[in-house]
Q: 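Can you keep this structure in mind? I'll have questions shortly.
One-based numbering, in listed order, for ligands and for the atoms of each. Numbers for residues simply follow the sequence, beginning at 1. Values in this document were obtained by computation on a predicted structure and should not be read as measured data.
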Amino acid sequence: MRLSNLYTKTIKNNPSDEQSLNAQLLIRAGFIHKEMAGVYSYLPLGKRVLDNISKIIREEMNNLGCLEVQMSILQPKEIWEITDRWDDKKVDIWFKTKLYNGQELGIGLTHEEPIVDSLKSYIDSYKSLPVYVYQIQNKFRNELRAKSGLLRGREFLMKDLYSFSESQEGHRKFYEKVIKSYQNIYSKLELGDFTYRTYADGGIFSKSFSDEFQTISPIGEDDIYVDEVKKIAINAEIYNDLNLKKLSLDKSSLVLKKGVEVGNTFSLESKYTDALDLYYTDKNGHKKSIIMGCYGIGVSRLMGVIAEVFADSNGLVWPNCIAPFKVYLISVNEDPKSKQKTEVIYKLLTQKNIDVIYDDRDVRAGEKFADADLLGIPYRVVVNQNFEDKQVELKHRKQNKIEFVQFDRLESIIY
Ligand code: ATP
Ligand code: MG
């Protein structure tokens, strides 16, 4: 892509109505546009990052044997009344709307009820189980406070997975597989070293714990006690002697930290399946309950967390695997000959399927350097007088390191 084709522009100063670093940087760099508090649009650069994160999650989900769907955002109130989650006194973050005839609808904040209800058309016997379905879709929640940028949106992108198993044993096995695949996802996103499986409240209908995945950051809203050796944590909400004993955790090795919840996995027993009358018949023809699990990942929250934790004083720093482009290409001189040389490099990299932004604007080189840093593109390639020796200047954004390399070696360095 040529920068002259990109309609977004970088902004020098922080927007005055944003307090969080992630929102400030993402807006300044032109990745997102604020529509109102807690509501953001994803611009061309931001959309690429969001898609790259989704792709990593999708691959892991597909490897687990999960099937992707896209459910409706508009939901009938009746199924939520059955599970007693329609009343605003029970769930206080609903956005709701009405048809002309007065019929009330909910705007999806999660999808347990609709997925269970729809499976009634397809599941009857043990032969149709297990079922694992997921989607990557916008969710709507009327959050009280939305001041942390992408970390707490009123509209946000979530991956939600639902599992339906014949037995507790089958459920448990799958549940642990999901935990593994979540850990893979956070590692691929380079958050593995400071994202902890965190035991949390299992909810009213579960005897066991639920699992949260908490990324350590001062911007986090959750208090968690971390065991850095065992690589697990416990949410302060359930921190007591009994639970520590159950989890074989020792008070003296726990450190209190702030975490951002980037994922959550829940065992739901048969609460929703029973309530909505989804059962199966086993081999002997007996009617049995279906054990359900639900598993969320905050996709847009992850984008915010990554922006927040990796940023330095010059701007964003994206991990290679989700950066909107791999290379930011600059010509220091504006004369036709220099431009021609830069075109050569542009073609060379594009032909190798490397995503390049070519900054072809007629502005000072200093401005281009500043923008390359602000945008957080992993590699900056500068074409200057060394071109005659077939060399370009290569800067590694993360390490802030500059080297000169033969340009036919570029593709072996950039990943
Ligand atoms: P929180 O406690 O932060 O409000 P939650 O427990 O209500 O989150 P879940 O229903 O478990 O959230 O949703 C699954 C995932 O979606 C969360 O782990 C989080 O990463 C993400 N998420 C939840 N609410 C938001 C939001 N308002 N904005 C962005 N991401 C969110
Ligand atoms: Mg949660």
Q: Any idea which of K139, R301, M158, R145 brings a heavy atom closest to atom 16 (O) of ligand 1?
A: M158
Q: Any N or O on G153 sitting closer than 3.5 Å to an N or O of ligand 1?
A: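 Yes; the residue has a nitrogen or oxygen that sits under 3.5 Å from a nitrogen or oxygen of the ligand.
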Q: Under 3.5 Å, is there a donor on one side chain and an acceptor on the other for T215 and T195?
A: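 Yes, side-chain donor-acceptor contact under 3.5 Å.
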Q: Sort out for me which residue in K173, R172, H171 forms a side chain to side chain contact (heavy atoms under 4.5 Å, CB included) with S165.
A: H171
Q: Mark yes or no: R48 above the aromatic ring of F325, with NZ or CZ under 6.0 Å from the six-membered ring centre and no more than 45 degrees from the axis.
A: yes
Q: Quick one: do W80 and W94 satisfy side chain to side chain contact (heavy atoms under 4.5 Å, CB included)? Show the steps, please.
A: CA-CA 11 Å; W80 293 87; W94 267 116; 3.5 Å; yes
Q: So, regarding G298 and ligand 1 (criterion: nitrogen or oxygen to nitrogen or oxygen, under 3.5 Å), is there a contact or not?
A: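 Yes, G298 has an N/O under 3.5 Å of an N/O on ligand 1.
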Q: Look at E261 and state whether any of its N, O or S atoms is less than 2.8 Å from the Mg ion (ligand 2).
A: yes
Q: Does S210 bring an N, O or S atom to within less than 2.8 Å of the Mg ion (ligand 2)?
A: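 Checking S210: none of its N, O or S atoms is under 2.8 Å.
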Q: Would you say D282's side chain and Y126's backbone share a donor-acceptor pair under 3.5 angstrom?
A: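 No: the side chain of D282 does not pair with the backbone of Y126.
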Q: Determine, using heavy atoms of L302 and all atoms of ligand 1, whether some pair is separated by less than 4.0 Å.
A: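 No, L302 has no heavy atom closer than 4.0 Å to ligand 1.
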Q: Nearest protein heavy-atom contact for atom 24 (N) of ligand 1: which residue, which atom, what distance?
A: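 Closest protein heavy atom to atom 24 (N) of ligand 1: F156 CZ, 3.5 Å.
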Q: Considering non-hydrogen atoms of the protein only, which is the closest contact for atom 10 (O) of ligand 1, and what is the distance?
A: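 Nearest neighbour among protein heavy atoms for atom 10 (O) of ligand 1, to 0.1 Å: R141 NH2, 2.9 Å.
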Q: Examine K231 relative to Y196 and say whether NZ or CZ is less than 6.0 Å from the centre of the six-membered ring and inside a 45° cone about the ring axis.
A: yes
Q: Please give me the minimum heavy-atom distance between L189 and P319, naming the atom from each residue.
A: O-CG, 3.8 Å
Q: So which of E143, E221, R152, Q214 gets nearest to atom 4 (O) of ligand 1, if we judge by its closest heavy atom?
A: R152
Q: Within a distance under 4.0 Å of any heavy atom of V262, pick out the atoms of ligand 1 and give their elements.
A: 18 (O), 20 (O)
Q: If we count only N and O atoms by modelled type, under 3.5 Å, do the side chains of E113 and T83 hold a donor and an acceptor together?
A: yes
Q: Using heavy-atom distances, let me know which of E261, E212, R154, K159 sits nearest atom 8 (O) of ligand 1.
A: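 Ranked by closest heavy atom to atom 8 (O) of ligand 1, first place is E261.
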Q: Could you check atom 11 (O) of ligand 1 against the protein and tell me its nearest heavy-atom contact, residue, atom and distance included?
A: N264 OD1, 3.1 Å
